[in-house]
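First, the structure itself, so that you have it in front of you.
Below, each value reflects all heavy atoms present in this structure, side chains not excepted, and no hydrogens, waters or symmetry copies.
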Amino acid sequence: MKPGRTRIDAVMAEIRSKIASRASLPGTRLPSVRAQAKAMRLSVSTVVEAYERLAAEGVIGARPGSGFYVSGPVAPLALAGIGPELEREVDPLWVSRQSLEKDASVLKPGCGWLPASWMYEAGMRRALRAAARSDNVALAEYATPLGLPALRLLLARRMAASGIEAPAEQIMLTESGTQAIDLICRFLLEPGDTVLVDDPCYFNFLALLKAHRVKVVGVPYTPNGPNVEAFGAALQAHAPRLYITNSGIHNPTGAVLSPVTAHRVLKLADSSNLVIVEDDIFADFELNPAPRLAAFDGLSRVIHIGSFSKTLSASLRCGYIAARPDWIDSLVDLKIATSFGGGRLAAEILLTALTDSGYRKHMEAVRVRITEALEKTANRLKAIGIKPWLMPQAGMFLWCRLPKGIDAGVVARACLKEGVVLAPGNAFSQSSSAGDFLRFNAAQCQDDRVFDVLARALSRAR
């Protein structure tokens, strides 16, 4: 129970949470007073008082001889009210809001993108100038249903380099990688379906799945990929419809899927109704390409998605989906229904920037810079007692364990007061089992103040 909140408040908050998340719709009968008291280990009189107060507010209504029922119209969907109650500092949406809303003076070692100065600024400016000289159609018209053909051809060639055979007609452009996942969820899921995620996983997977009102089951992640035994057990126990994961560099751990694990995961999936969504957003950070599930599977049950917000520009929103032909056809209909045309201008700019002669050299320089930042950041964290779970081969993330007995949420709250935004482990963990972990973005850890503030917070937390 939160400090300052009474037992009656706790009951009222429980009921409001179910209504806000639409778990209890108008007309739904609430548990009896005795059942609610037993479930929450409270006295009957406490629950009676809570129900009566909610009735006085018009949230619920009493029906003599029948019990209490939810009143009023359907509540607006409140994502923060779905799932277990968490301190806001470890909520996935809180991490996103803090990272996006804070001004430039705030340090963001917990965010998931490169500093603006590390991005391909020169190439983007050239692409913007080229777009300004484009014909009226490129500047003013909607995109075609699948999206810009030339960009889809480029994406097909890029995927072929990773062993993924995806002709341009099996690739659909989206507004972003997030929209790609959202469309797939709309296409394949119904409320109440089960989705597997890595534990830990990218926190916005969890936030987005809440919006689709599905059951989320976490599978422990190892340095070689998902724990295969736990993955198989989850398939048997939950009959999940989807498994959403990162290919290449894993977020938040920085781990890389091994070929053996990839084959075992796909073999297990073959005996189920599972569809795998493989997010390849960090492909251009790799030094040596990791196995891709879509390459082994041939886009049969694997859907491959990605975007370029991490390497080109987060301001330029453009992603893609590669999938089998019949699914792409249905996804096109969904895209038209939900956003009509895609971002044609964004696709034109992205194509120009990706085919610019300087992009390859730019990314080579970024990879060298990140490798140096990873080593430097890891050493500075070790010096104050924070240990990386592993040293990544590539990418910007370090998944780190705090000294024994220290809670990452407590440290994050303390650091936020001094202008440093962190990413506590439980924001990434469906099971809330990463309370002593933090994810660090090495590219965003170049300021000494990050470590000074962190050291003070650790000292106070001990």
Side-chain angles (χ1 to χ4, degrees), residues 1-94 182 185-197 205-218 233-234 236-242 273 409 426-427 429-433:
M1 188 181 300
K2 288 185 177 181
R5 189 166 75 174
T6 67
R7 292 180 175 87
I8 294 170
D9 291 334
V11 178
M12 295 175 71
E14 171 75 8
I15 302 304
R16 287 196 181 101
S17 174
K18 290 182 178 179
I19 295 172
S21 67
R22 302 184 185 178
S24 296
L25 295 171
T28 301
R29 185 178 183 275
L30 297 181
S32 69
V33 167
R34 291 187 181 280
Q36 187 71 31
K38 183 178 180 181
M40 298 187 70
R41 298 182 180 179
L42 298 172
S43 69
V44 170
S45 61
T46 296
V47 177
V48 168
E49 180 64 21
Y51 277 20
E52 291 293 346
R53 291 186 187 182
L54 289 169
E57 295 176 9
V59 175
I60 64 176
R63 297 181 189 176
S66 180
F68 289 89
Y69 292 77
V70 177
S71 303
V74 176
L77 182 61
L79 296 184
I82 303 176
E85 185 175 356
L86 300 171
E87 290 290 337
R88 194 61 180 171
E89 284 73 11
V90 298
D91 181 275
L93 294 170
W94 180 91
D182 184 46
C185 289
R186 290 172 186 263
F187 174 49
L188 291 173
L189 297 177
E190 296 289 342
D193 283 348
T194 298
V195 178
L196 298 186
V197 296
F205 290 166
L206 301 175
L208 183 57
L209 291 171
K210 281 185 179 181
H212 285 278
R213 286 169 277 166
V214 296
K215 179 183 177 182
V216 182
V217 174
Q236 291 291 323
H238 303 286
R241 184 70 179 110
L242 285 184
N273 193 37
N426 275 346
S429 175
Q430 172 61 20
S431 63
S432 298
S433 59

Practice problem: Please round to the nearest 0.5 Å and tell me the distance separating atom CZ of F205 and atom CG of L242. | Solution: 11.5 Å
Quiz prompt | Main-chain N/O of L25 paired with T28 side-chain donor or acceptor, under 3.5 Å | solution = yes
Practice problem: Quick one: do Q36 and L30 satisfy side chain to side chain contact (heavy atoms under 4.5 Å, CB included)? Show the steps, please. | Solution: CA-CA 8 Å; Q36 187 71 31; L30 297 181; over 6 Å; no
Self-check item: salt bridge (charged side-chain N to carboxylate O under 4.0 Å, His left out) partners of R53, counting only residues at least two apart
Solution: E49
Quiz item: Does R29 CZ have over 12 foreign heavy atoms under 6.0 Å away?
Solution: yes
Practice problem: Could you give me the CA-CA distance, side-chain angles and deciding distance for R241 and V195, then say whether side chain to side chain contact (heavy atoms under 4.5 Å, CB included) is met? | Solution: CA-CA 6 Å; R241 184 70 179 110; V195 178; 5.7 Å; no
Self-check item: Separation between OH of Y51 and OG of S32, rounded to the nearest 0.5 Å
Solution: 7.0 Å
Practice problem: Please round to the nearest 0.5 Å and tell me the distance separating atom CD1 of I8 and atom OG of S43. | Solution: 8.0 Å
Practice problem: Quick one: pull up CE in M12 and CD1 in I60 and give me the separation to the nearest 0.5 Å. | Solution: 8.5 Å
Practice problem: Measure the spacing between CG of L54 and OG of S71 and express it to the nearest 0.5 Å. | Solution: 10.0 Å
Practice problem: Check F68 against A55 and note the closest heavy-atom contact, atom names and distance. | Solution: CE2-CB, 4.5 Å
Quiz prompt | Nearest-0.5 Å distance, NE2 of residue H212 to CG of residue D182 | solution = 4.0 Å
Practice problem: Specify the closest pair of heavy atoms between C185 and L209, including all atoms of both residues, with the distance to one decimal. | Solution: SG-CD2, 4.0 Å
Exercise. For E57, enumerate each residue passing the salt bridge (charged side-chain N to carboxylate O under 4.0 Å, His left out) test, keeping only those at least two apart in sequence or located in another chain.
Key: R16
Quiz item: If every non-hydrogen atom of V70 is compared with every non-hydrogen atom of S24, which pair is closest and at what distance?
Solution: CG2-CB, 3.9 Å
Quiz item: Can you tell if the side chain of Q430 reaches within under 4.5 Å of the side chain of V217, non-hydrogen atoms only?
Solution: no
Quiz item: If every non-hydrogen atom of A234 is compared with every non-hydrogen atom of L196, which pair is closest and at what distance?
Solution: CB-CD2, 3.8 Å
Practice problem: Quick one: list whatever passes salt bridge (charged side-chain N to carboxylate O under 4.0 Å, His left out) with D193, sequence neighbours left out. | Solution: none
